[in-house]
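Numbering of residues begins at 1 and proceeds along the displayed sequence.
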Amino acid sequence: MRKNLRKPPSLVGSGWTESQFRAVRRQKFLTYSDFTLNELWLDRSQAATLTAIDTRRRDRDFDPFGQGAMLEYSMRRLRLRYTAGVAVDELIGHFTQAADWFARWHIAHTEHMQSLAAQRRLELRPDLTPVTFDELEDFQQAVELVSLGALLGQGTAIQRACDLLSRYRGEDMLFESIVEPAVNDIRHVEEFYHATPYDPLLDAVYTAETGPQASQYVKKYLDNWYKSFEGCTWHDGHLKAQDYMTPYYGYWSFEAAAICVIHNIDDSPFRDHLVYPKVLADWARANNSIGKLRAAAEAARTHGMTRMRCEGGQPCPQAGFWFTTALASSRRHFDAGTVMPEIKDSPWGATVWYWHEDQKH
């Protein structure tokens, strides 16, 4: 029997019954028990990791493992809640947290490498990143992040991710086809890192000569999606139940939905495919997510902001609202030319300010 340590706060409200949960969940593998246990496990894991990060930094240990773990926990919670049936609007906050941890992970990685380089008197390249596109699971995580950003209309988050992943810009067709609506520096490339499993999805964009042909390619991709990722840490999670949680949060091809929405591919032939997030795709169309990405790109172009970030201690490049991952609730307005403040003794290290998605007062 599983240990029911306590009932965690439920996103569906305390009045929900198990039968009601089953009625709204989006994949049949997720049980009400697994959902509640996984919520509790994520709460505890995130709290323990934050404590570990603070402890390490007090000891001058800048290893970015904790920040990378927080990114993964944030992505798992987003998947879990989408799978459980939560409204798409509520996912935006979870995505923002994941995107912030993606930035914090990069900041911590840079600090760690700088610390090592100082000890060994080595020079570092300026485009440091803990992500390795050659590794399938790393690449999948990056593609998933920008795909969710596209579907949720979060153009600034995509621009920030592209900035952090500048080392790999212009090197992969799939990545560029997803970020294209949100960026000004569009890269036309004919190379890619992983033919398997992404080849059919690339064909849907670049090879298909008709709409039905594009849909067939996407369906082929979805049919092979789960098996193609065999060996990834999340694979077969629904079969690995433990007393306190099950490492299954949902199996979703967010990149397939992003490709369909961005490139106007008819998803009716595969809307009910197990791993196709049709609710998210429909929401993106209904809320003009791609139009919002293009508006964000135009705003960046108009203001000459090819990089939607500014390091602490540097003059603000554009008047507006900015925020930093180095300080909670940091959103504030800066005038152009104002020196951006540095947050002293921040657990996240160097202060980097990012242009905020919401520019309303």
Chi angles and distances behind the side-chain hydrogen bond (donor to acceptor under 3.5 Å, both in side chains) call for Thr17, Ser19: CA-CA 5 Å; Thr17 65; Ser19 61; 3.0 Å; yes

CA sep, side-chain torsions, deciding dist, call: Glu298, Arg294, salt bridge (charged side-chain N to carboxylate O under 4.0 Å, His left out): CA-CA 6 Å; Glu298 178 60 21; Arg294 298 197 185 283; over 6 Å; no

Test ring pair (Phe, Tyr, Trp, His ring centres under 6.0 Å) applied to Phe321 and His333, step by step: CA-CA 4 Å; Phe321 286 94; His333 188 277; 5.2 Å; yes

Test side-chain contact (heavy atoms from CB on, under 4.5 Å) applied to Glu144 and Met75, step by step: CA-CA 9 Å; Glu144 186 175 66; Met75 293 293 284; 3.2 Å; yes

Derivation and outcome, side-chain contact (heavy atoms from CB on, under 4.5 Å), residues Trp252 and Gln27: CA-CA 9 Å; Trp252 299 106; Gln27 280 183 348; 3.4 Å; yes

Glu72 vs Gln141, side-chain hydrogen bond (donor to acceptor under 3.5 Å, both in side chains): CA-CA, chis, key distance, verdict: CA-CA 9 Å; Glu72 181 58 33; Gln141 184 182 63; 3.2 Å; yes

Verdict with supporting geometry, Arg285 and Cys260, side-chain contact (heavy atoms from CB on, under 4.5 Å): CA-CA 10 Å; Arg285 295 187 185 98; Cys260 287; 4.2 Å; yes

side-chain contact (heavy atoms from CB on, under 4.5 Å) evaluation trace for Val131 with Leu165: CA-CA 8 Å; Val131 178; Leu165 294 171; 3.8 Å; yes

Check against side-chain hydrogen bond (donor to acceptor under 3.5 Å, both in side chains), His238 and Tyr251: CA-CA 10 Å; His238 65 295; Tyr251 303 132; 2.7 Å; yes

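Sorted by first and then second residue, the side chain to side chain donor-acceptor pair (under 3.5 Å) pairs involving residues 206-217 (not counting sequence neighbours) are Asp203-Thr207.
The CD1 atom of Ile290 lies 4.5 Å from the CG atom of Leu293; values are rounded to the nearest 0.5 Å. One distance of note links CD1 of Ile53 with CZ of Arg58; it measures 12.0 Å at 0.5 Å rounding. For the atom pair NE2 (His112) and CD1 (Ile107), the distance works out to 15.5 Å, reported to the nearest 0.5 Å. A distance of 10.0 Å separates CZ in Phe229 from OG1 in Thr196, rounded to the nearest 0.5 Å. Annotation: the span from Met70 atom CE to Asp100 atom CG amounts to 11.0 Å, rounded to 0.5 Å. Here CG of Leu136 is found 5.0 Å from NE2 of His194. Values are rounded to the nearest 0.5 Å.
Side-chain contact between Phe334 and Arg332 is present, with heavy atoms from C-beta onward closer than 4.5 Å. Inter-residue side-chain proximity for Arg76 and Leu42 is flagged as met; some heavy-atom pair is nearer than 4.5 Å. Contact check for Asp236 versus Tyr248: no side-chain heavy atoms found under the 4.5 Å cut-off. Looking only at side-chain heavy atoms (C-beta outward), Pro197 and Tyr221 come within less than 4.5 Å of each other. Counting heavy atoms from C-beta outward, Arg167 and Leu128 have side chains that approach closer than 4.5 Å. By the 4.5 Å heavy-atom criterion applied to side chains, Ser253 and Tyr276 are not counted as neighbours. Put simply, the side chain of Asp127 reaches to within 4.5 Å of the side chain of Ser166, judged on heavy atoms. Between Phe254 and Val146, the closest side-chain pair of non-hydrogen atoms is not below 4.5 Å.
At least one donor-acceptor pair closer than 3.5 Å links the side chain of Asn224 to the backbone N or O of Lys220. The main-chain N or O of Ala297 is found under 3.5 Å from a side-chain atom of Asn184 such that the two form a donor-acceptor pair. The main-chain N or O of Leu30 is found under 3.5 Å from a side-chain atom of Arg25 such that the two form a donor-acceptor pair. Side-chain atoms of Gln159 come within 3.5 Å of backbone N or O of Ala182 as a donor-acceptor pair. One N or O on the side chain of Thr351 and one on the backbone of Ile343 form a donor-acceptor pair closer than 3.5 Å. Between the Asp172 side chain and the Leu174 main chain, a donor and an acceptor come within less than 3.5 Å of each other. Checking side-chain atoms of Arg169 against main-chain N and O of Asp185 turns up a donor-acceptor pair under 3.5 Å.
Residues Arg187 and Glu180 are not paired through a salt bridge, judged by the lack of any N-O separation under 4.0 Å between the basic side chain and the carboxylate. Note on Asp223 versus Lys219: salt bridge recorded, some NZ/NE/NH1/NH2 to OD/OE distance being below 4.0 Å. Salt-bridge annotation for Asp266 and Arg271: absent, with no side-chain N of the basic residue lying under 4.0 Å from a carboxylate O of the acidic one. Between Lys278 and Asp267, no side-chain nitrogen of the basic residue sits less than 4.0 Å from a carboxylate oxygen of the acidic one, so the salt-bridge criterion is not met. A salt bridge links Glu111 with Arg57: the distance from a Lys NZ or Arg NE/NH1/NH2 to an Asp or Glu carboxylate oxygen falls below 4.0 Å. With respect to the salt-bridge test (charged N to carboxylate O, under 4.0 angstrom), the residues Asp43 and Arg77 qualify. Taking a cutoff of 4.0 Å between a charged side-chain nitrogen and a carboxylate oxygen, Asp54 and Arg56 do not qualify as a salt bridge.
The two atoms that bring Thr36 and Ser33 nearest to each other are OG1-O, 3.0 Å, heavy atoms only. Nearest heavy atom pair, residue Leu91 against residue Leu152, reads O-CD1, 4.4 Å. Across every non-hydrogen atom of Ala281 and Ala257, the tightest pair is CB-CB, 4.2 Å. Closest approach of Ile259 to Ser177, counting heavy atoms only: CD1-OG, 3.4 Å. Of all heavy-atom pairs between Tyr32 and Glu18, the closest is CB-CG, 3.6 Å. The shortest heavy-atom contact between Thr233 and Lys240 is O-NZ, 4.4 Å.
The ring pair (Phe, Tyr, Trp, His ring centres under 6.0 Å) test with Tyr168 is passed by exactly one of Phe139, Phe192, Phe175, Phe133: Phe133.
Between Tyr82 and His94, the distance from one ring center to the other does not fall under 6.0 angstrom.
Crowding of Glu137 atom CD: a count of heavy atoms from other residues, nucleotides or ligands under 6.0 Å exceeding 12. By the neighbour-count criterion of 12 heavy atoms within 6.0 Å, atom CZ of Phe65 is sparsely surrounded, having that number or fewer from other residues, nucleotides or ligands.
Side-chain contact check for Trp283 and Ser289: no donor-acceptor pair (N or O, by modelled atom type) lies under 3.5 Å. With hydrogens and angles left out, the side-chain atoms of Trp353 and Glu342 include no donor and acceptor closer than 3.5 Å.
Using bins of under 30°, 30° to 60° and over 60° for the plane-to-plane angle, the ring pair Tyr249/Trp41 lands in the tilted bin.
With sequence neighbours excluded, the residues that form a side chain to side chain contact (heavy atoms under 4.5 Å, CB included) with Asp134 are Thr132, Tyr193.
A continuous path of hydrophobic side-chain contacts links Tyr244 to Leu80 [ILVMFWY only; heavy atoms under 4.5 Å].
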